[in-house]
Amino acid sequence: MKSIKLLGPFVVAIVAAPAVVGCSSDDDSNSGGMSPSAYERLGGHAGLLKFVKGEVEDKILKDSDLKTYFFNQVASPIPAGHPSAAQIEECFTRLVASAVKAEQYPGAPVRDAANTNTPDFTCRDMKSSHVGLNIGDKTFDKFVGILAADLMPLVVPDGTKLTAGHISQSEFNVLASALTGTKSAITTQGAPPGPGPFTPPAPSAYERLGKHEGLLAFVKGEVENKILKDTNLKTYFFNQVKSPIPAGHPSAAQIEECFTRLVASVVGAETYPGAPVNDAANTNTPNFTCRNMKASHAGLKIGDKTFDAFLNILATDLMPLVVADGKTPGAGQITQSEFNALASALTDTKSDITDPSAPSGPAPFPGG
Ligand code: HEM
């Protein structure tokens, strides 16, 4: 007889298990040939929902650590876009049922009139539904361990006749791996491992720098007060000082917006190029689509050291924001590794931006 091991949270010997589908044929003593599936033995949707409800309401929401993550569910009203406990239970049931191929996930919106902001909630994928919850490795294990502990009494060894309310070891393993398989989507890298209560995630570099507005203000300051005042660098922006700016070329404001998006895309917070950038004052190109670095610097004959001079200006003004790795960066600060990531993303554009045939510089356009 195979034993089910519950070591620590949830360790199972995953054996090659047949997919648990509509009917199982390992018991042909049943009249009609096919024996009930695991889904049927667990009571179909209603039976699974009852099990999930019991787990959520009597175990998870009573656990001193786990219950603290459900802060949206105890808020009144529940903030828009977040599910009620009842909606979570229905989604969870569908997810489990989909692991045994008996139901579809996400399925139709889940109705709960009591969730006034989101009475019809569409179940999300596991990454979206747990984003921002800062769930650590061992907190996840504790959650799954609770479910596993309550599934265990239902398990009978493979080969045993399967009756209502029971599942085989192989069926258990299928469910178990479906649940543990969600771990990387549900947990947050860098979260305290736990098990422990909810702790708000530390603000990202993007947030600490003031998100789009903060970055744009920084970029604007660099372009207008430094780059466009530098005797060499300003000469490359000859299109921007023409009136009108020749068609297809961005205004300084459009460059600043594109530059901001580029920097924000390095930290994964925005996408480049994004939507066209509006500037009515640029009469020939009021809606400018940000270009790739090669296209936007073609013909500018930018030399190696001219590029370095540009980047040095930015780096010099970023340096005062840097705190050593291991220190907690506050608002307006970035860590040394965040600085390094940003710096190397910028220096990586060098081969696209520079022209190897141009004099190295630093020099004004057209290369001194
Ligand atoms: C195998 C493990 C897990 C599974 C399969 C799972 C499944 C789900 C499902 C199906 C939902 C509802 C779908 C949706 O919100 O769109 C949900 C929501 C939620 N889960 Fe999990 N979960 C797991 C682990 C955890 C853990 C470890 C925690 C906390 C420690 C947690 C906390 C939450 C919270 C707070 C919500 C509601 C989020 C909100 O308010 O928007 N879950 N989960």
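Counting convention: from 1, in listed order, for ligands and their atoms alike.
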Counting only heavy atoms closer than 4.0 Å, does ligand 1 sit against the backbone of [X], its side chain, both, or neither?
| X | answer |
| --- | --- |
| T180 | neither |
| L147 | neither |
| I186 | side chain |
| K183 | neither |
| F71 | neither |
| F198 | neither |

Single-linkage hydrophobic cluster, 4.5 Å side-chain cutoff, V223 and L209 together |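 In one cluster with V223: L209, yes.
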In the structure I gave you, are the side-chain heavy atoms of [X] and [Y] within less than 4.5 Å of one another anywhere?
| X | Y | result |
| --- | --- | --- |
| C123 | Y105 | yes |
| Y236 | T306 | yes |
| I167 | L42 | yes |
| R208 | L321 | no |
| L318 | F218 | yes |

Numbered atoms of ligand 1 (with element) below 4.0 Å of [X], judged on heavy atoms:
| X | value |
| --- | --- |
| V144 | 1 (C), 2 (C) |
| Y105 | 10 (C), 13 (C) |
| T139 | 30 (C) |
| C123 | 16 (O) |
| L95 | 5 (C) |
| L66 | 30 (C) |
| T182 | 1 (C), 2 (C) |
| P83 | 15 (O), 39 (C), 40 (O), 41 (O) |

Taking N or O atoms only and a 3.5 Å limit, does [X] qualify as a polar contact for ligand 1?
| X | answer |
| --- | --- |
| N72 | yes |
| Q73 | yes |
| R124 | yes |

Of the protein's non-hydrogen atoms, which lies at the shortest distance from [atom], and what is that distance?
| atom | result |
| --- | --- |
| atom 41 (O) of ligand 1 | H82 ND1, 2.5 Å |
| atom 9 (C) of ligand 1 | M126 CE, 3.8 Å |
| atom 14 (C) of ligand 1 | S129 CB, 3.2 Å |
| atom 11 (C) of ligand 1 | I88 CG2, 4.0 Å |
| atom 28 (C) of ligand 1 | I135 CD1, 3.4 Å |
| atom 35 (C) of ligand 1 | Y69 O, 3.1 Å |
| atom 2 (C) of ligand 1 | F140 CE1, 3.5 Å |

Pairing of R261 and E270 as salt bridge, 4.0 angstrom limit =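 Not counted as a salt bridge, because no side-chain N and carboxylate O are separated by less than 4.0 Å.
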Hey, are E224 and K229 close enough for a salt bridge, meaning a charged N less than 4.0 Å from a carboxylate O?
->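 Looking at K229 together with E224, the answer is no, because their closest N to O distance does not fall below 4.0 Å.
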Where is the tightest heavy-atom contact between A178 and T182, given as atom of each residue plus distance?
->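 Where A178 meets T182 most closely, the heavy atoms are O-CG2, 3.5 Å.
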State if Q87 counts as touching ligand 1 under the rule of any non-hydrogen atom under 4.0 Å.
->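 For ligand 1, residue contact (heavy atoms, under 4.0 Å) with Q87 is absent.
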Looking at H130, pick out the N, O or S atom nearest to atom 21 (Fe) of ligand 1 and give its name.
->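 Atom name returned: NE2.
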Roughly how far apart are [X] [atom1] and [Y] [atom2], rounded to 0.5 Å?
| X | Y | atom1 | atom2 | result |
| --- | --- | --- | --- | --- |
| D352 | S296 | CG | OG | 9.0 Å |
| F307 | N312 | CZ | CG | 10.0 Å |
| L95 | L48 | CG | CG | 11.0 Å |
| L61 | E55 | CG | CD | 11.0 Å |

From CA spacing to verdict: side-chain hydrogen bond (donor to acceptor under 3.5 Å, both in side chains), T93, E90 | CA-CA 5 Å; T93 302; E90 174 63 24; 5.3 Å; no
Taking atom 32 (C) of ligand 1 as the point of reference, which of F92, F143, F70 owns the nearest heavy atom?
->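 It is F70 whose heavy atom sits nearest to atom 32 (C) of ligand 1.
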Shortest reach to atom 12 (C) of ligand 1 by a heavy atom, considering only A75, S84, C91, A185 |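 Closest candidate by heavy-atom distance is C91.
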Taking atom types as modelled, is there a side-chain donor on H45 or E103 under 3.5 Å from an acceptor on the other?
->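 Yes, side-chain donor-acceptor contact under 3.5 Å.
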